Trainee: 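My questions all concern the structure below.
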Amino acid sequence: QVRLVESGGDSVQVGGSLTLSCVVSGLSVGTTVVAWLRQAPGQERDVVAIRGSSDLFTYYPDSVKGRFTISRDTVKNTVYLQMNGLKAEDTAMYYCAAGLRGTTYRPGEFAHWGQGTQVTVSS
């Protein structure tokens with residue numbers, strides 16, 4: 001059974017930093033696609049970072065590029081999201097995802113999900 005557990009969400013001021021962690025069991029993070037997505041109230045769930053299984057592919061949307069970094073520790077089997085220069089619009093529930101059911105990186109095609117961790121950014 002695959003399980004993903006996120007942690008590290010908090011309330012932080014604009015310009016601050018946070019590191020989110022995603023501990024994975026039942027699946028090797030070193031051999032599968034890993035990603036972070038977020039969803040703000042009343043909005044669609046959006047990808048904020050993807051790292052491919054081979055590390056040849058890494059994706060960040062323009063909204064977070066240069067501020068967020070996805071990484072993985074294969075020994076701890078953990079995925080991380082380092083977030084710097086946080087903005088109010090980064091406020092959302094953040095989800096870790098792993099594996100793909102399809103052939104694209106649409107949110108609905110990720111195979112496994114965590115429960116989410118809340119990030120709130122305010123002045």
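This one's a predicted model, so the numbers in the text were calculated from it and none came from an experiment. Throughout, residue positions are numbered sequentially from 1 according to the sequence presented. Quick note: numbers below take in every heavy atom, side chains included, and nothing from hydrogens, waters or symmetry partners.
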Trainee: Mind running ring-ring contact (aromatic ring centres under 6.0 Å, His included) on Y105 and F57 for me, showing each step along the way?
Mentor: CA-CA 12 Å; Y105 295 115; F57 173 74; 5.0 Å; yes

Trainee: Between E6 (side chain only) and G116 (backbone N and O only), is there a donor and an acceptor less than 3.5 Å apart?
Mentor: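 Yes, the answer is positive, given that a donor and an acceptor are paired below the 3.5 Å cut-off.
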
Trainee: Might you point out which heavy atoms bring L18 and G8 nearest each other, and give the distance in Å?
Mentor: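 That closest heavy-atom pairing would be CD2-O, 3.9 Å.
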
Trainee: Provide the closest heavy-atom pair for T78 versus K76 in the form atom of the first, atom of the second, distance.
Mentor: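 For T78 versus K76, the nearest heavy atoms are OG1-O, 3.0 Å.
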
Trainee: Give a yes or no on whether the backbone of T19 and the side-chain of Q82 come within a donor-acceptor separation of less than 3.5 Å.
Mentor: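 No, the answer is negative, given that no donor and acceptor are paired below the 3.5 Å cut-off.
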
Trainee: Without hydrogens or angle criteria, can the side chains of N84 and S17 be said to hold a donor-acceptor pair below 3.5 Å?
Mentor: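 Yes.
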
Trainee: Taking all non-hydrogen atoms of both residues, which atom of L37 and which atom of A97 are closest, and how far apart?
Mentor: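 The answer is CD1-CB, 3.7 Å.
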
Trainee: Report whether L4 and F110 are members of the same hydrophobic cluster (ILVMFWY, side-chain heavy atoms less than 4.5 Å apart, transitive linking).
Mentor: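 Different clusters.
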
Trainee: Are D90 and K87 ion-paired here, with the side-chain N under 4.0 Å from a carboxylate O?
Mentor: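 No, D90 and K87 are not salt-bridged.
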
Trainee: Which atoms form the tightest heavy-atom contact between I70 and A35, and what is the distance?
Mentor: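 Of all heavy-atom pairs spanning I70 and A35, the closest is CD1-CA, 3.9 Å.
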
Trainee: Would N77 and S28 satisfy side-chain contact (heavy atoms from CB on, under 4.5 Å), going step by step from the backbone distance to the final call?
Mentor: CA-CA 6 Å; N77 212 44; S28 175; 4.3 Å; yes

Trainee: Mark yes or no: R45 above the aromatic ring of W113, with NZ or CZ under 6.0 Å from the six-membered ring centre and no more than 45 degrees from the axis.
Mentor: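 Yes.
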
Trainee: Which residue in the set V119, V64, T91 passes side chain to side chain contact (heavy atoms under 4.5 Å, CB included) when paired with R38?
Mentor: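 Of the listed residues V119, V64, T91, the side chain to side chain contact (heavy atoms under 4.5 Å, CB included) partner of R38 is V64.
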
Trainee: Step by step, work out the side-chain contact (heavy atoms from CB on, under 4.5 Å) result for I50 and Y60.
Mentor: CA-CA 7 Å; I50 302 171; Y60 304 94; over 6 Å; no

Trainee: Considering non-hydrogen atoms only, spot the tightest contact between T117 and G9 and give its length.
Mentor: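 Scanning both residues completely, I find the closest heavy atoms to be OG1-N, 3.0 Å.
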
Trainee: Given R67 and V48, is the side-chain contact (heavy atoms from CB on, under 4.5 Å) satisfied, shown in steps?
Mentor: CA-CA 11 Å; R67 299 188 298 118; V48 296; over 6 Å; no

